[in-house]
Amino acid sequence: MSDYSVRQSIADMEEYSVEIVEADIIVNANESNYPIPEEIGDKISALVKGFPFNRYPPMKSENLGEAIAKEFDVDPSAVVVSNGSSELLEKVCYTFGGAGKKIAVPWPSFSMYLEYAELADSIPVKYPLTADGYVDPDVVIEMCKKEKPALLIICNPNNPTGNYNELADMEKIIANVDCPVVMDEAYMEFADGKGVDPNDMRPLDKLWLVAGSTLSLLRKYSNFMVFKTFSKCYGLAGLRCGYGIGSVGLMRQLSKSVLPYTVNALTLLAAKIVFENKALYRPRTKLIRAERDNMAQELKDLGFYVYDTATNFVCFRAQGELKDKLAAAYRKNYSDRLPDLVASGKMMFKYFMANSILTRDFTGHPVLTGCLRVTVGTPEENVIIMAKLKELLADL
């Protein structure tokens, strides 16, 4: 067969992949391990019975977009709805990037930022996080002055480390850069942030929606966008729905790159019901935070290095004598000759797999070497995960 020519950015791109295997406990993709609340499920089921599957959805997802705009007290044209926030990340690179333009992305962070920048024929510029996973606002501001990117992306809380960066630090960046800024806040619901702009006059029953988030700065700055998702906190990963909110000027340009009818009508129906009943998720989110903190502390007590986390996952690696013992166990059980830090993480990953627990393997990452990322599951699942890890350590 003849060779076919493809765009160079496609030819050079590595396929995005995660481990897809059968497992009893799946904690590798930061999904919610809880079903949607029964009350919400009943409402969706009742509306599906007479659902007009033969009709197109609203062209620009206006039904959900208008509900979001009303809740956050913004103009409807300041909201763009998409197939997950990942679609918006792709489209924002198309909109503000282009041949020869630079897009600044955090490192280490969500790997698809680099791919989306390259797909837009842009030049990705990595800016480093601190050694413990935080955004240094002064480093970012200085990088923007030097590199002059057409777009700056910030992940807060950061995936895959989990760190939450204070609102004041994010505002410092927004106020001191010349390019549009994307605040990817896919995990913000788990951060339990307290900061709000002191001039935000929202009633108290609305402030919890924006506390700790740059959403509280929307009336103050016009150079940034906030991207959110229904996949994490709200458990709709299987339906793919996200949204962005920003200044009308930025969002109108972004909306041009989003195809008509991009979100299917059934997803819009479910997402709107979830959004209108999001307070039902607050007890569950509080439980996930508590389970996360317990897991992180247990890991520290066992001798692991654990990144500070304000998400629904923990990222950790072995260190010191623990690393050496895990690496020795890996060499004893497997023929691969890997560096100790990588081998220690691989030993844990394989042991979890042998016990039907699927975690996310970052052991070969150049910055997160030896790390595993584990989504916080249900309390019952978390007990099993930690018990199996302790079982492995006892065997050492």
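Keep in mind that the numbers below use all heavy atoms, side chains included, and drop hydrogens, waters and symmetry copies.
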Lys325 vs Glu321, salt bridge (Lys or Arg N to Asp or Glu O under 4.0 Å): CA-CA, chis, key distance, verdict: CA-CA 6 Å; Lys325 289 183 176 180; Glu321 185 180 357; 3.3 Å; yes
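- Under the 6.0 Å distance and 45° angle rule, Lys346 does not count as a cation-pi partner of Tyr334.
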Begin from the C-alpha positions of Ile44 and Ile36 and carry the test side chain to side chain contact (heavy atoms under 4.5 Å, CB included) through to its verdict. CA-CA 10 Å; Ile44 294 172; Ile36 60 174; 4.0 Å; yes
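- Residues Val125 and Pro149 fail the side-chain proximity criterion, which asks for heavy atoms closer than 4.5 Å.
- Residues Asn33 and Thr378 have side chains that never bring a donor and an acceptor to within less than 3.5 angstrom of each other.
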Does the pair Tyr221 and Val181 meet the rule for a side chain to side chain contact (heavy atoms under 4.5 Å, CB included), with working shown? CA-CA 11 Å; Tyr221 302 95; Val181 180; over 6 Å; no
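- Looking only at side-chain heavy atoms (C-beta outward), Phe110 and Ser86 come within less than 4.5 Å of each other.
- Considering only heavy atoms from C-beta on, Ser32 stays 4.5 Å or farther from Lys232 through its side chain.
- Of the possible donor and acceptor atoms, one in the side chain of Gln319 sits under 3.5 Å from a partner among the backbone N and O of Gly303.
- Donor-acceptor pairing under 3.5 Å is lacking for the side chains of Gln297 and Asp293.
- Taking 4.5 Å as the limit, every side-chain heavy atom of Thr311 sits out of range of all side-chain heavy atoms of Asn159.
- Across Thr363 and Leu372, no two heavy atoms sit closer than the pair CG2-CD2, 4.2 Å.
- Taking CE from Met347 and NZ from Lys332, the interatomic distance works out to 9.5 Å, rounded to the nearest 0.5 Å.
- Salt bridge Arg240/Glu87: absent, no basic N to carboxylate O contact under 4.0 Å.
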Passes ring pair (Phe, Tyr, Trp, His ring centres under 6.0 Å), Tyr164 versus Tyr187? Steps please. CA-CA 9 Å; Tyr164 168 72; Tyr187 299 93; over 10 Å; no
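- By the 4.5 Å heavy-atom criterion applied to side chains, Lys300 and Phe316 are not counted as neighbours.
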Please test Tyr116 against Ser122 for side chain to side chain contact (heavy atoms under 4.5 Å, CB included), starting from the C-alpha separation and ending with a verdict. CA-CA 9 Å; Tyr116 294 147; Ser122 304; over 6 Å; no
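- Taking each heavy atom of Arg292 and Phe190 in turn, the nearest pair found is NH1-O, 3.0 Å.
- Rounding to the nearest 0.5 angstrom, the gap separating the CG atom in Leu236 from the OG1 atom in Thr267 is 8.0 Å.
- Hydrophobic clustering of Ile, Leu, Val, Met, Phe, Trp and Tyr side chains at less than 4.5 Å, counting indirect connections, keeps Val248 apart from Val226.
- Put simply, the side chain of Thr369 gets close to the backbone of His365: a donor and an acceptor are under 3.5 Å apart.
- With values rounded to the nearest 0.5 angstrom, Ile153 atom CD1 is found 6.0 Å from Leu89 atom CG.
- The existence of a salt bridge linking Glu66 and Lys70 is excluded, since no basic side-chain nitrogen approaches an acidic carboxylate oxygen closer than 4.0 Å.
- In this structure, Ser61 contributes its side chain and Gly65 its backbone to no donor-acceptor pair below 3.5 Å.
- The shortest non-hydrogen separation linking Thr95 to Ser257 is OG1-OG, 3.1 Å.
- Around NZ of Lys272, the count of heavy atoms belonging to other residues, nucleotides or ligands within 6.0 Å does not exceed 12.
- Classified by interplanar angle (parallel below 30°, tilted 30° to 60°, perpendicular above 60°), the ring pair Tyr234/Tyr281 is perpendicular.
- For the pair Lys278 and Phe275, the distance from NZ or CZ to the six-membered ring centre is under 6.0 Å and the angle to the ring normal is within 45 degrees.
- With values rounded to the nearest 0.5 angstrom, Leu152 atom CG is found 4.5 Å from Cys144 atom SG.
- Side chain of Thr262 to backbone of Ser82: no donor-acceptor contact under 3.5 angstrom is found.
- For Asn163 (side chain) and Tyr307 (main-chain N/O), no donor-acceptor pair under 3.5 Å exists by modelled atom type.
- Residues Arg252 and Ser77 come closest through the heavy atom pair NH2-OG, 3.7 Å.
- A heavy-atom distance below 4.5 Å is found between the side chains of Val81 and Cys241.
- A salt bridge does not link Lys148 to Asp178: none of the charged nitrogens lies less than 4.0 Å from a carboxylate oxygen.
- No side-chain donor-acceptor contact under 3.5 Å links Arg317 to the backbone of Gly345.
- Residue Phe53 qualifies as enclosed at atom CZ: its count of foreign heavy atoms under 6.0 Å is above 12.
- Under the 3.5 Å distance criterion, with hydrogens and angles disregarded, a donor-acceptor pair is assigned to the side chains of Asp184 and Tyr113.
- Nearest heavy-atom pair across Asn165 and Cys155 is ND2-O, 4.3 Å.
- The distance from the CG atom of Asp121 to the SG atom of Cys93 is 11.5 Å, given to the nearest 0.5 Å.
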Quick one, Phe96 with Tyr94, criterion ring pair (Phe, Tyr, Trp, His ring centres under 6.0 Å). Give me CA distance, side-chain angles, the key distance, then yes/no. CA-CA 6 Å; Phe96 297 98; Tyr94 288 158; over 10 Å; no
I'd like to know whether Phe72 forms a side chain to side chain contact (heavy atoms under 4.5 Å, CB included) with Val210, so could you lay out the CA-CA distance, the side-chain angles of the two residues, the decisive distance to 0.1 Å, and finally the verdict. CA-CA 9 Å; Phe72 290 105; Val210 301; 4.0 Å; yes
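- Panel note: side chain Asn264, backbone Leu266; a donor-acceptor pair is recorded below 3.5 Å.
- Side-chain contact annotation: Ser213 with Glu185, donor-acceptor N/O pair under 3.5 Å present.
- There is no side-chain donor-acceptor pair under 3.5 Å between Asn30 and Arg360.
- The distance from atom CE of Met295 to atom OG1 of Thr375, rounded to the nearest 0.5 Å, is 9.0 Å.
- Here the side chain of Thr359 pairs no donor or acceptor atom with the backbone of Asn28 at under 3.5 angstrom.
- Lys350 and Asn333 share no donor-acceptor pair across their side chains, judged by distance under 3.5 Å alone.
- At least one side-chain heavy atom of Phe304 sits less than 4.5 Å from a side-chain heavy atom of Leu393.
- Distance alone, capped at 3.5 Å, places no donor-acceptor pair between the Ser85 side chain and the Gly242 backbone.
- Without hydrogens or angle criteria, Ser247 side chain to Ser222 main chain gives a donor-acceptor distance under 3.5 Å.
- Nearest approach of Gly244 to Phe227, heavy atoms of both residues: CA-CD2, 3.8 Å.
- In this structure, the side chains of Val263 and Leu64 stay at 4.5 Å or more apart for every pair of heavy atoms.
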